[in-house]
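Below: the structure, in structure tokens.
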Amino acid sequence: MSTAEPQPLEPQPEESHIVKVDPKLEENNAKHHTDQMSTSQLIVRRGQSFSVGLRFKESFNPAVNSLLFTATLGNIPDEVRGTRSVFGIPDTVRRAPNAKAIWKAELTLDQKKSRNVVVKITPPADAPIGIYTLTVNYLGEEKKLGFLALIFNPWCPEDSVYMKNEKKVQEYVLNEHGVIFKGSGNYIFPMHWDYGQFEDDMVDIALALLYVSPEYLTDPMADEAARCDPIYVGRIISRMINSEGDRGVLEGRWGGPYIGGMAPSHWSGSYPILKRWYNIGCHPVKFGQCWVFAAVMCSVLRTLGIPCRVITNYESAHDCDKNLIIDQYHADYGVEEIPSPDSVWNFHVWCEGWMKRPDLADVKFDGWQVLDPTPQELSGGTYQCGPAAVRAILDGNTDKDYDVPFVFAEVNADCHDYLVKADGSKELFWSDPKRVGQNISTKSVGSNKRRTITSRYKHKEGSEKERSVFKYAITREYTKDDDEDWEEEEFEDSEDEGEEPQPEPEKPPVNLPKVSLKFEEVSKPVNGKDVELNLVLHSEASEPRTLSVNINVEAKSINGTARYKILSDKKEKTLKPGKDLRVPVLVPFSKYWPKMLDNDVMKVTAIVKDTGDNKEKYLAEDDVVLEDPPFKVKVLGEALVRQPLYLEMSFANPVSETLKSCSITLSGSGLMKEEEEISLPDLGPKRRIRVKVCFYPRKAGKKTLMADFNCSVFRDIKKSVPVVVKKSNLL
């Protein structure tokens with residue numbers, strides 16, 4: 001017989017009053033247009049209800065008992081800040097009079113006295129976005145229903161990102177495939193881009209950007225509460241895409257070599273960049289330039305539900321001293337190039353986000369807002385830009401938040417060109433109010449065509465209206481008609497101390513007409529071939545004119561920085577009255593390719609001087625962008641989910657150099673989980689290589705395969721191929 005003392009029984013947990021919770025994930029995500037984002041995470045939009053199924057141990061009677069729900073955001077939720085809401089069925093909750101962002105719940109149809117109940121929960125249209133915890137209290141028992149991601153809702157009229165036009169919402173929120181325009185004003189070409197907002201973990205990645213921002217780390221409660229406002233969120237994202245001074249996504253570099261990372265031209269989509277940043281502990285990915293910064297920001301904004309599009313501005317000014325004048329210096333023949341703090345980028349890319357602007361106290365400023373994540377100038381002490389209302393830029397309202405003066409200068413600054421002589425003196429010889437801000441472009445809704453939106457940023461160049469707005473932007477000294485020439489989209493849709501004053505350019509005598517000059521192509525400039533241009537001069541003067549023609553060709557980066565001189569030539573020519581004079585400009589491939597390898601544009605400049613008594617000087621410039629040689633990509637057969645799909649690619653070496661370090665990188669949302677790189681053997685002169693590969697598409701629907709060919713002579717030649725993936729009968 002045992003003498004051991006009897007042991008007490010382990011306490012047994014009581015059975016829960018709520019025995020099952022059904023988040024109805026597939027149904028809710030489909031209704032909220034987030035089903036492509038996740039099949040395992042509940043992602044819902046503000047101002048729109050979602051359903052939760054509850055099974056009770058015993059029948060639920062709302063006339064006798066109540067359900068009390070709590071939605072919380074962050075570690076210290078607060079109903080006055082809008083990060084905590086208690087709501088019920090029936091809703092008898094006593095709230096603070098200044099409580100914000102109140103959620104609500106209701107039963108669907110007549111579900112009295114039933115064990116199975118479907119509750120419809122609606123987050124308010126002004127709730128802060130983020131990951132919420134949802135709990136319910138029933139008969140004194142607190143039960144966690146789970147987590148949900150709450151994002152902006154462009155389909156909801158009460159949400160400040162509401163966009164009425166469904167085709168535009170499909171384009172600016174749901175379209176994973178984009179086109180970004182690059183090149184120069186004379187050489188515009190499209191580059192396809194994969195935004196990838198429906199790829200794995202994109203919502204978590206987008207929200208992680210907010211959680212590693214200095215604003216959150218400084219004051220988490222204030223930051224989380226402020227996320228109800230797309231103005232705030234957009235500004236934070238514009239900061240966190242670049243890595244200047246924080247843990248942003250991309251490190252910028254505007255010229256090679258790109259040691260320790262990828263050249264900006266390598267990237268074909270946002271997801272490989274964002275996923276890499278996320279996986280390495282939110283440390284910057286190397287490297288980006290303006291179109292990469294803007295494309296990644298577009299992906300993040302679309303993921304969070306803010307309608308967004310990518311904009312390209314050709315001949316984009318970077319005005320450092322904020323006087324709306326871009327000073328550029330040209331070396332006289334035999335004189336070294338003189339750098340300027342101001343610059344004109346051959347193109348610059350930013351984003352536009354769609355939102356209301358109640359902070360500007362006028363509904364005309366609602367709609368598209370410039371948001372630029374490329375680190376150029378400090379704003380509020382950090383590298384961020386916007387949101388700047390496009391309408392404010394058009395009207396010259398440089399007193400409006402945020403960064404309107406800077407963006408106004410990008411599209412409408414005047415250019416002053418100085419000739420720098422051997423003794424260091426500077427002579428102003430050319431003024432051009434029309435050079436900056438050309439062919440402002442974006443992808444069209446529903447197609448890959450280019451849409452020019454220059455008129456939304458500025459009035460017609462040289463018009464009285466454009467000049468008066470320019471004056472107003474500087475002086476704010478006249479009254480203007482704010483509504484003139486504006487086509488509404490639905491809202492749905494002091495000189496340095498001691499510096500000599502610069503002389504004004506002399507005007508030529510009336511009887512001596514000016515010389516007109518321009519560059520024309522002899523043939524299309526293609527990388528791998530000699531570049532042939534003509535400088536065409538013309539004058540209606542009655543007498544022949546002897547002209548000194550200085551031609552310089554330089555390799556420049558996208559931001560206008562001169563990287564290498566390719567060639568320089570000086571000629572003396574006689575211009576006959578009323579006739580064109582063509583001065584040939586030949587740039588051999590052997591001379592330009594090593595210097596253009598990691599640069600974007602070949603800048604050709606002609607300074608023409610009249611050698612007669614008049615001494616007039618003239619300027620012509622051309623930004624030559626080289627077209628890539630052909631890279632062929634072909635999909636073989638029908639594409640089915642998780643079934644092998646073959647791809648054939650070929651490239652012919654057009655030059656007498658052996659191509660080394662050859663590789664092809666493949667990517668595509670819904671097609672490949674991550675980038676796949678294929679190493680290739682060296683390719684001899686005039687030889688062709690063919691490659692056949694296989695991959696397994698991941699998702700059904702219209703997808704785009706992105707292919708990138710890279711080697712020692714040709715950098716990142718892109719090719720995109722549409723792929724329609726069907727569901728497989730074998731699955």
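Just so it is clear, the structure is predicted and the values come from calculations on it, not from any experiment. Position 1 is the first residue of the sequence; numbering continues from there. Quick note: numbers below take in every heavy atom, side chains included, and nothing from hydrogens, waters or symmetry partners.
- Within the 4.5 Å cutoff, no side-chain heavy atoms of Ser316 are placed close to those of Phe347.
- With salt bridges taken as basic N to acidic carboxylate O contacts below 4.0 Å, none links Arg253 and Asp598.
- The side-chain contact (heavy atoms from CB on, under 4.5 Å) with Ile311 is formed by just one residue from the set Lys443, Glu352, His348; it is Glu352.
- Classification of Arg435 and Glu621 as a salt-bridged pair holds, one side-chain N sitting under 4.0 Å from a carboxylate O.
- The side-chain heavy atoms of Leu209 and Ile241, taken from C-beta on, include a pair separated by under 4.5 Å.
- In this structure, Ser213 and Asp223 approach most closely via the heavy-atom pair OG-OD1, 4.3 Å.
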side-chain hydrogen bond (donor to acceptor under 3.5 Å, both in side chains) between Thr605 and Asn552, intermediate numbers included:
CA-CA 5 Å; Thr605 305; Asn552 284 286; over 6 Å; no
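- Formation of a donor-acceptor pair under 3.5 Å by the Lys286 side chain with backbone atoms of Tyr258 is not found in this model.
- The shortest distance between side-chain heavy atoms of Cys351 and Phe293 does not fall below 4.5 Å.
- Closest approach of Asp342 to Asp327, counting heavy atoms only: OD2-N, 3.3 Å.
- For the pair Lys182 and Trp291, the cation-pi criterion (under 6.0 Å, within 45° of the ring axis) is fulfilled.
- Using a 4.5 Å heavy-atom threshold, the side chains of Val407 and Cys385 count as touching.
- A donor-acceptor pair is defined here as one N or O able to donate and one able to accept, closer than 3.5 Å; no such pair exists between the side chain of Glu627 and the backbone of Pro525.
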Test log, rule side chain to side chain contact (heavy atoms under 4.5 Å, CB included), inputs Leu274 and Met202:
CA-CA 8 Å; Leu274 288 163; Met202 273 295 286; 3.7 Å; yes
For Trp345 and Trp254: C-alpha separation, side-chain torsions, deciding distance, then whether side chain to side chain contact (heavy atoms under 4.5 Å, CB included) applies.
CA-CA 11 Å; Trp345 299 32; Trp254 279 264; 3.7 Å; yes
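- Side-chain atoms of Ser379 and Asp403 form a donor-acceptor pair, as typed in the model, at a separation below 3.5 Å.
- Using a 3.5 Å distance cut-off with no hydrogens or angles, the side chains of Arg450 and Thr452 do pair a donor with an acceptor.
- With respect to Arg302 and Glu176, no salt bridge is recorded, no charged nitrogen being found less than 4.0 Å from a carboxylate O.
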Could you give me the CA-CA distance, side-chain angles and deciding distance for Gln376 and Glu410, then say whether side chain to side chain contact (heavy atoms under 4.5 Å, CB included) is met?
CA-CA 11 Å; Gln376 293 185 86; Glu410 287 184 298; 3.3 Å; yes
side-chain hydrogen bond (donor to acceptor under 3.5 Å, both in side chains) for Trp350 and Ser238? Distances and angles first, verdict last.
CA-CA 10 Å; Trp350 58 69; Ser238 81; over 6 Å; no
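- Atom OG1 of Thr374 is separated from atom OH of Tyr383 by 12.5 Å, given to the nearest 0.5 angstrom.
- With rounding to the nearest 0.5 Å, the separation of CZ in Arg247 from CG in Leu217 is 7.5 Å.
- Although no hydrogens or angles enter the test, the distance criterion places a donor-acceptor pair under 3.5 Å between the side chain of Ser299 and the main chain of Ala295.
- Between Lys718 and His192, the closest side-chain pair of non-hydrogen atoms is not below 4.5 Å.
- Less than 6.0 angstrom separates the ring centroid of Phe406 from the ring centroid of His318.
- At distances below 3.5 Å, not a single donor-acceptor pair connects side-chain atoms of Asp622 with backbone N or O atoms of Val624.
- Here the side chain of Gln197 pairs a donor or acceptor atom with the backbone of Val173 at under 3.5 angstrom.
- With values rounded to the nearest 0.5 angstrom, Asn412 atom CG is found 7.0 Å from Asp414 atom CG.
- In this structure, Ser468 contributes its side chain and Lys465 its backbone to a donor-acceptor pair below 3.5 Å.
- Judged by distance alone, the side chain of Ser557 and the main-chain N or O of Gly255 form no donor-acceptor pair under 3.5 Å.
- Minimum interatomic distance between Asn397 and Val404 (heavy atoms only, all atoms of both residues): O-CG1, 3.4 Å.
- For the pair Ser243 (side chain) and Val249 (backbone), a donor-acceptor distance under 3.5 Å is absent.
- Taking the ring centre of Trp368 as origin, the terminal cationic atom of Arg309 falls inside the region bounded by 6.0 Å and 45° from the ring axis.
- Ionic pairing of Arg357 and Asp366 is not present here: no N-O contact between side-chain nitrogen and carboxylate oxygen is shorter than 4.0 angstrom.
- A donor-acceptor pair is defined here as one N or O able to donate and one able to accept, closer than 3.5 Å; no such pair exists between the side chain of Thr303 and the backbone of Leu301.
- Taking all atoms of both residues into account, the shortest heavy-atom contact from Tyr172 to Val445 is OH-CG2, 3.2 Å.
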Stepwise side chain to side chain contact (heavy atoms under 4.5 Å, CB included) check, Trp430 with Tyr618:
CA-CA 7 Å; Trp430 199 256; Tyr618 309 94; 3.8 Å; yes
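- A salt bridge does not link Lys400 with Asp362: every distance from a Lys NZ or Arg NE/NH1/NH2 to an Asp or Glu carboxylate oxygen is 4.0 Å or more.
- Note on Lys556 versus Asp600: no salt bridge recorded, every NZ/NE/NH1/NH2 to OD/OE distance being 4.0 Å or above.
- In terms of heavy-atom proximity, Val370 sits nearest to Tyr457 at CG2-OH, 3.3 Å.
- In summary, Asp246 and Arg239 engage in a salt bridge, as defined by a charged side-chain N under 4.0 Å from a carboxylate O.
- Here the closest heavy-atom approach between residue Ser160 and residue Arg46 is recorded as OG-NH2, 3.7 Å.
- Using modelled atom types, one side-chain atom of Ser184 and one backbone atom of Asp623 make a donor-acceptor pair closer than 3.5 Å.
- Between Arg227 and Asp229 the shortest side-chain heavy-atom distance does not fall below 4.5 Å.
- To the nearest 0.5 Å, atom CD1 of residue Ile474 and atom OG1 of residue Thr398 are 9.0 Å apart.
- Residues Leu250 and Phe287 form no side-chain contact, since every pair of their non-hydrogen atoms from C-beta on lies 4.5 Å or further apart.
- Within the cation-pi definition used here (under 6.0 Å to the ring centroid, within 45° of the axis), Arg235 does not qualify as a partner of Tyr232.
- A 4.5 Å side-chain heavy-atom check between Tyr402 and Gln384 finds every atom pair outside the cut-off.
- Comment: Lys322 does not engage Glu377 in a salt bridge, judged by the lack of any side-chain N to carboxylate O separation of less than 4.0 angstrom.
- Taken to the nearest 0.5 Å, the CE atom of Met596 stands 11.5 Å off from the CD atom of Glu554.
- The closest side-chain donor-acceptor pair between His330 and Asp417 falls under 3.5 angstrom.
- Of the inter-residue distances, the one linking Asp395 atom CG with Lys458 atom NZ reads 15.0 Å to the nearest 0.5 angstrom.
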